[in-house]
K.L.:
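Here's a structure for you.
Convention: sequence-line order gives letters A, B, ...; per-chain numbering from 1. From a predicted model like this one, the values you see are computed outputs, not experimental measurements.
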Protein chains: 2
Amino acid sequence: MQRLAYETMRTTKDAPAPTIAEHKAAIQRENRRVTSYDVALVAGVSQSAVSRCFKPGASVSKHTYARVMKAADGLEYIPNAAARSLITRRSNMVAVIISNAANLFYPEALSELSKHVARGGKRVLLFTLHKESELDLVLNDVWQYQVDGVIAAATLSEAQVAEFERRRVPLVIFNRNLRGQAANTVACDQYEAGRALVSRLAAAGHRVFGMIDGAQDNAVASERRRGACERLAELGLPEAVIVRGNFDYASGKLGLREIIARSGGRVPDAVICGSDVMAIGCLDCARHELGLAVPAQLSVAGFDAVEASNWLSYNLTTLRHPMQQMTAAAAELLYSLIDNPGGAAEKRMFAPQFVEGATARLVALPPAAVSLAA
Amino acid sequence: MQRLAYETMRTTKDAPAPTIAEHKAAIQRENRRVTSYDVALVAGVSQSAVSRCFKPGASVSKHTYARVMKAADGLEYIPNAAARSLITRRSNMVAVIISNAANLFYPEALSELSKHVARGGKRVLLFTLHKESELDLVLNDVWQYQVDGVIAAATLSEAQVAEFERRRVPLVIFNRNLRGQAANTVACDQYEAGRALVSRLAAAGHRVFGMIDGAQDNAVASERRRGACERLAELGLPEAVIVRGNFDYASGKLGLREIIARSGGRVPDAVICGSDVMAIGCLDCARHELGLAVPAQLSVAGFDAVEASNWLSYNLTTLRHPMQQMTAAAAELLYSLIDNPGGAAEKRMFAPQFVEGATARLVALPPAAVSLAA
DNA sequence: TTGTATGCGTTATCAT
DNA sequence: ATGATAACGCATACAA
């Protein structure tokens, strides 16, 4: 300790320790932060003793601890996390990379993640993506902050995943299933969700399908579409008319009109939408603009089971992600990677839950009705 | 530089500079991070030269810059933000403290804040509150991380605001109007919003009001209530029947039933709800459960203008916060405080915008109808 | 249990 | 323009 530049440090061992109030005023005068040296000086102990008092489980005598804590409280001393992380190599920060779309679908996801991360004593440093293409720039920033781990609700390239390995930064991919990549993943099986939905609808006799897809580069939506399309093919049903949406209400409304237009004016048996919000748009368009009875004339289904899907005016047929479980699992997996690096990649895949709702007909029509429909 | 412990550093001035690949392998072997010393060694310059190359506007020759950047790219060197912040006293992090409820009302608020904060080169460190009472614990954590500033979408006590001053941490209070506190604030005038809504409804002849209030400790909702009640009193209208809600759909449904029960079975002229989601619950209850025509028999109004309020099935009468402007203003204000500390407190108050919608009758009834209603 | 000495990786100051 | 050196505030190995 040779900080003799500071007036407050100009104290030899023999000089009396300053009082808390005196020293605090001096620090204020010098316009600097309160450090562990200040606490040590006031408490009459060494700086390392102060440090130990703030480390859980360190060996400090009751007497020393009490003196230090009294001084620390009086000076309003708080350890500096930046300095600490420099030496411990732990920043106690976890980066969460989240694309805008993901955030809007699951308003609770971020808050839940934050809660679970906080439980382990770390905090969330937030990186939002407004286009998936910004990811490389954002990652560059992530490295700087020396975060202890990353939860990414975005689609990473293999090169990007590889950089995490090289830099030894634990990574959990959230709500994206990167097929064929050996990355730690917590996700919902979107492919299976697409298949399951088609199976249920087909079993009830739907034959002509329309689909309102998600935004172009969205991996979640394309997985669902793939599942749905493959299941349709397996069942020998005609290919679905697929139009592009961007997950919002307006694109659900437009999507239905476009499907009908592209089908020569015919209304399909069922429309599968890439999100609940689009499904709600589709539903409102069908009922209020086109005067179609749902589900009598048209079945509509969504994905996500957002809160609104459950409102009386909609009561949507949809598939629920077990978000609470997924966020808890993501935090847990990340912590285990941080504590124990270098294990094999683990994929925790959750099954989507079918929500019956009332916007899709889920029982087969009686024979008479079938002949009428045909 | 006396890091002679490292094999890779065991190089005197006369020894040849190692190649990028050699050095990188050595670093890997020693299982340590790439530092500016490594880059300096490979590039054949001093460590300070490397540092300058990463500081915009520093004076470095083209030749040196090129050599350094080549080495840095090859080694995948990224400056360590923790070390940097230790000396610059800038962490390039902004804490955002947000209570759960706030997050759920405005799914875009956090993402927008993050975007605006990122524009200035900083990132958001997220602190979520699950109860407002957790705030003291959370603040303790905030100090540790040495954030450059704080945006708090939560209600702070005077003592808490004072601690920000003492610690000289710039603070912007978001979407809360702390009356009488000299704190920097970006908010929407909730009191005025409450008044405005009552004024509009009263002008259209509504006389008997019910209110579904927000959660107990929520300052935003109580401001609105205060504005609404005071305006009612001014107009000489009867006191509103007020029931407590917790901002969610279910409490909107229950709230309407409770209001009617507490009014001896009479349906009020209008129900003012503390949030759109509650208003939607109230609306669904009125229409689907009680068979009331809205707005013919009952007017329903909300607050917030969330996306769903605009859906065809609802088309809610509500009040919009200019969220985009508010988030931009909050980030801007915080940056100005960081760059120029110690100015007088500034309050940026935005006016809520009335959204007519179709769930409240906004024109006076014709005389004949009035006599019928009376 | 306590204190001394050192290093974490950077920026800033000051010669050159 | 460049290099040597001193902070920044803390944790830790080691000696006492």
K.L.:
Any base atoms under 4.0 Å from A/Thr64, or only sugar-phosphate, or nothing? Heavy atoms, all strands.
P.N.:
sugar-phosphate
K.L.:
Need one value for A/Tyr65: base, sugar-phosphate or nothing, where a base atom within 4.0 Å counts as base even if backbone is also close, heavy atoms only.
P.N.:
nothing
K.L.:
Over how many whole Å does the gap from B/Arg84 atom CZ to C/dT11 atom C1' extend?
P.N.:
9 Å
K.L.:
Answer with base, sugar-phosphate or nothing: what part of the nucleic acid does A/Val50 contact at a heavy-atom distance below 4.0 Å?
P.N.:
nothing
K.L.:
What integer distance in Å separates B/Arg89:CZ from C/dG9:P?
P.N.:
21 Å
K.L.:
Give me the bend of the helix from C/dT1-D/dA16 to C/dT16-D/dA1, using the axes of the five pairs at each end, rounded to 10°.
P.N.:
30°
K.L.:
Do A/Trp143 and A/Glu163 have a side chain donor and acceptor closer than 3.5 Å?
P.N.:
yes
K.L.:
For B/Glu30 and C/dC8, what is the distance between atoms CD and C1' respectively, to the nearest whole Å?
P.N.:
15 Å
K.L.:
I need the CG-P distance between B/Asn80 and C/dG7, as an integer number of Å.
P.N.:
18 Å
K.L.:
So, OP1 or OP2 of C/dT11: does either fall under 4.0 Å of a side-chain N or O from B/Tyr37?
P.N.:
no
K.L.:
Rounded to the nearest 0.5 Å, what separates atom CD1 in A/Ile27 from atom CD in A/Glu30?
P.N.:
7.5 Å
K.L.:
Taking atom types as modelled, find out whether A/Asn31 and B/Arg168 have a side-chain donor-acceptor pair closer than 3.5 angstrom.
P.N.:
yes
K.L.:
Just to verify, what does B/Phe54 make a ring-ring contact (aromatic ring centres under 6.0 Å, His included) with, not counting sequence neighbours?
P.N.:
B/Tyr77
K.L.:
Does a donor on one side chain and an acceptor on the other come within less than 3.5 Å for B/Arg176 and B/Thr155?
P.N.:
yes
K.L.:
What's B/Ser59 touching, base or sugar-phosphate or nothing? Going by heavy atoms closer than 4.0 Å.
P.N.:
base
K.L.:
Check this for me: does any side-chain nitrogen of one of A/Arg32 and A/Asp38 sit under 4.0 Å from a carboxylate oxygen of the other?
P.N.:
yes
K.L.:
Pull out every protein N or O sitting under 3.5 Å from an N or O of nucleotides 12-16 of chain C, one pair per line with the distance.
P.N.:
residue: C/dA12; atom: OP2; partner: B/Lys55; partner atom: NZ; Å: 3.0

K.L.:
Should A/Glu346 and A/Arg348 count as an ion pair when the cut-off is N to O under 4.0 Å?
P.N.:
yes
K.L.:
What is the separation between atom CG on A/Asn92 and atom C1' on D/dA11, rounded to the nearest whole Å?
P.N.:
14 Å
K.L.:
OP1, OP2 of D/dC8 versus side-chain N and O of A/Arg32: anything below 4.0 Å?
P.N.:
no
K.L.:
Is it true that A/Gln160 and A/Asp136 share a donor-acceptor pair across their side chains at a distance under 3.5 Å?
P.N.:
yes
K.L.:
Specify the separation, in whole Å, of atom CG of A/Leu86 and atom C1' of D/dC8.
P.N.:
9 Å
K.L.:
Does B/Ser46 have a side-chain nitrogen or oxygen under 4.0 Å from the phosphate oxygens OP1 or OP2 of D/dT2?
P.N.:
no
K.L.:
Taking CD from B/Gln146 and P from D/dG9, how many angstroms apart are they, rounded to a whole number?
P.N.:
9 Å
K.L.:
Below 4.0 angstrom from OP1 or OP2 of D/dG9, is there any side-chain N or O of A/Ser36?
P.N.:
no
K.L.:
Could you check whether B/Glu112 pairs with B/Lys115 (Lys NZ or Arg NE/NH1/NH2 to Asp/Glu carboxylate O, under 4.0 Å)?
P.N.:
yes
K.L.:
Rounded to whole angstrom units, what separation is found between the OH atom of B/Tyr145 and the P atom of D/dC10?
P.N.:
15 Å
K.L.:
Just checking, any donor-acceptor pair under 3.5 angstrom between side chains of A/Ser85 and A/Ser91?
P.N.:
no
